[in-house]
Amino acid sequence: MVRSFFLLALATLLAACGRSEPPARSDSRTPVRRIDGPMSRETAQCHRDLRALGVAFEALPDRQFAPGCGIVGTVKLLDIGVPTTNLGAIRCGAARTYAQWARNAVAPAAYQILGSELAKVESMGTYNCRNVAGTARRSGHSIANALDIGGFQLKDGRRITILNDWNSPDPDVRRFMQVIHRSACKRFGTVLSPDYNSAHRNHFHLEDDKADFCR
């Protein structure tokens, strides 16, 4: 009888060796704070404004990617009349302001000051989930409300860049830069140039935030 009891206990122990407690379930349902953005009626009006301007665009669905990062009320610009590289999701209001700036300020300034039509604008991107350099604060790029402009290609073959030509020895190029910078400051809330800090030595940061900050 003792032997039978021992065998039964051994069998029970061996059966348990292959089992373990299920891992604790991580709660992935913790809500992420929703990105604040324009009201749907504002976005709808912006869409009408873009169509009235003759701008081709694609409306994008709202998405949350990470804490403080997401896209609300954004579009993808397909054709604004001035070719622009590397444009991704951008809030409709910023897209509308950019289209007007590129068409009504940059293109005319290129022709009038530099003597050549504008072939394209070189963007360095729109949406990017990141902080303002050196801070814990989210950048306007993290909500697709900003875009960076690095340079301009002219139809006569010249390429004008913020990095190389912000302080160009050519007075016409310097004037072109100053004119489009001032124009951007009248349209966007925040405009940052190489005069702001070294992080902006190679681009204009254009943000539609009504901050009235121009450097």
Side-chain angles (χ1 to χ4, degrees), residues 53-57 76-91 93-128 130-135 137 139-142 144-215:
L53 290 168
V55 172
F57 67 94
K76 181 175 178 58
L77 292 173
L78 303 177
D79 185 359
I80 67 169
V82 176
T84 305
T85 62
N86 201 33
L87 285 178
I90 182 172
R91 281 197 180 177
R96 177 178 55 201
T97 302
Y98 171 70
Q100 293 171 326
W101 178 69
R103 287 165 49 163
N104 301 329
V106 181
Y111 184 74
Q112 294 166 10
I113 300 172
L114 301 177
S116 175
E117 292 184 0
L118 182 66
K120 68 179 178 182
V121 179
E122 298 175 359
S123 162
M124 297 171 67
T126 52
Y127 173 78
N128 187 353
R130 62 177 174 81
N131 293 343
V132 174
T135 76
R137 181 168 57 89
S139 164
H141 289 285
S142 67
N145 201 36
L147 70 159
D148 292 338
I149 301 299
F152 310 91
Q153 183 79 40
L154 305 181
K155 287 191 176 180
D156 66 7
R158 282 179 291 170
R159 181 170 177 258
I160 310 297
T161 68
I162 309 300
L163 178 64
N164 295 324
D165 298 302
W166 176 247
N167 291 309
S168 171
D170 185 325
D172 287 338
V173 173
R174 285 201 312 276
R175 183 179 166 221
F176 168 75
M177 287 291 188
Q178 292 162 4
V179 166
I180 64 173
H181 178 259
R182 285 197 301 268
S183 178
C185 290
K186 293 176 182 178
R187 299 169 185 273
F188 291 91
T190 294
V191 176
L192 305 178
S193 74
D195 284 349
Y196 180 59
N197 62 18
S198 61
H200 295 84
R201 65 189 179 279
N202 64 344
H203 68 277
F204 290 155
H205 172 91
L206 310 177
E207 188 167 349
D208 190 37
D209 60 356
K210 300 179 175 61
D212 194 24
F213 187 81
C214 173
R215 285 289 299 276

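All of these numbers come straight from a predicted model, not from anything done at the bench. Values below: all heavy atoms of this structure, side chains included; hydrogens, waters and symmetry mates excluded.
Taking every heavy atom of both residues into account, Met177 and Ile160 meet most closely at CE-CG2, 3.5 Å. Closest approach of Trp101 to Ala184, counting heavy atoms only: NE1-N, 3.4 Å. Of all heavy-atom pairs between Ala105 and Ser183, the closest is CB-OG, 3.1 Å. Across every non-hydrogen atom of Thr85 and Lys120, the tightest pair is CG2-CD, 4.0 Å. Nearest heavy-atom pair across Arg158 and Gln153 is O-NE2, 3.4 Å. The minimum heavy-atom distance linking Ala102 with Val82 is given by the pair O-CG2, 3.9 Å.
Note that CG of Asn86 and OG1 of Thr126 are 7.5 Å apart. Values are rounded to the nearest 0.5 Å. In this structure, Leu206 CG and Leu192 CG are separated by 8.5 Å, a value rounded to the nearest 0.5 Å. Considering CD of Glu207 and CZ of Phe188, their distance stands at 10.0 Å, rounded to 0.5 Å. To the nearest 0.5 Å, atoms CZ (Arg201) and CD1 (Ile162) are separated by 13.0 Å. Rounding to the nearest 0.5 Å places CG of Asn131 at 9.0 Å from CZ of Arg137. Rounding to the nearest 0.5 angstrom, the gap separating the CG atom in Leu147 from the CZ atom in Arg91 is 13.5 Å.
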Going by atom type alone, with no hydrogens or angles, which donor-acceptor pairs under 3.5 Å involve a side-chain atom of residues 106-118 and a protein atom two or more places apart or on another chain?
residue, atom, partner, partner atom, Å
Ser116, OG, Lys155, N, 3.3
Ser116, OG, Asp156, N, 3.1
Glu117, OE1, Lys155, NZ, 3.1

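Atom CZ of Arg175 is surrounded by 12 or fewer heavy atoms from other residues, nucleotides or ligands within 6.0 Å.
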Run the side-chain contact (heavy atoms from CB on, under 4.5 Å) test on Arg96 and Val55 for me, step by step, so that the C-alpha distance in whole Å, both residues' side-chain angles and the decisive distance to 0.1 Å come before the verdict.
CA-CA 9 Å; Arg96 177 178 55 201; Val55 172; over 6 Å; no

Let me see the working for Asp148 and His141 under side chain to side chain donor-acceptor pair (under 3.5 Å), right down to the final yes or no.
CA-CA 9 Å; Asp148 292 338; His141 289 285; 3.1 Å; yes

Mind running side-chain contact (heavy atoms from CB on, under 4.5 Å) on His200 and Ser193 for me, showing each step along the way?
CA-CA 6 Å; His200 295 84; Ser193 74; 6.0 Å; no

Checking side-chain contact (heavy atoms from CB on, under 4.5 Å) for the pair Ile149/Glu122: CA distance, chi angles, key distance, verdict?
CA-CA 6 Å; Ile149 301 299; Glu122 298 175 359; over 6 Å; no

Run the side-chain contact (heavy atoms from CB on, under 4.5 Å) test on His205 and Val191 for me, step by step, so that the C-alpha distance in whole Å, both residues' side-chain angles and the decisive distance to 0.1 Å come before the verdict.
CA-CA 5 Å; His205 172 91; Val191 176; over 6 Å; no

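One N or O on the side chain of Asp209 and one on the backbone of Thr190 form a donor-acceptor pair closer than 3.5 Å. Side-chain atoms of Thr135 come within 3.5 Å of backbone atoms of Val132 as a donor-acceptor pair (strictly under, hydrogens ignored). A donor-acceptor contact shorter than 3.5 Å links the side chain of Asn145 to the backbone of Asp208. A donor-acceptor pair under 3.5 Å links the side-chain atoms of Asp79 to the main chain of Gly81, judged by distance alone. In this structure a side-chain-to-backbone donor-acceptor pair under 3.5 Å is missing from Arg130 to Ser142.
A donor and an acceptor atom, one from each side chain of Asp195 and His181, are nowhere located under 3.5 Å apart. Counted by atom type alone, Ser123 and Tyr98 present zero donor-acceptor pairs between their side chains at under 3.5 Å.
Under the 6.0 Å cut-off for aromatic ring centres, Phe176 and Phe152 qualify, their centroids lying closer than that.
Paired with Ser168 under the rule side chain to side chain contact (heavy atoms under 4.5 Å, CB included), one option of Asp170, Asn164, Asp172 passes, and it is Asp170.
Using a 4.5 Å cut-off on side-chain heavy atoms (C-beta onward), Arg187 and Asn104 make contact. At a threshold of 4.5 Å between non-hydrogen side-chain atoms, the residues Phe204 and Ile180 count as touching.
Sorted by first and then second residue, the disulfide bond (SG atoms under 2.5 Å apart) pairs with a member in residues 162-191 read Cys185-Cys214; sequence neighbours excluded.
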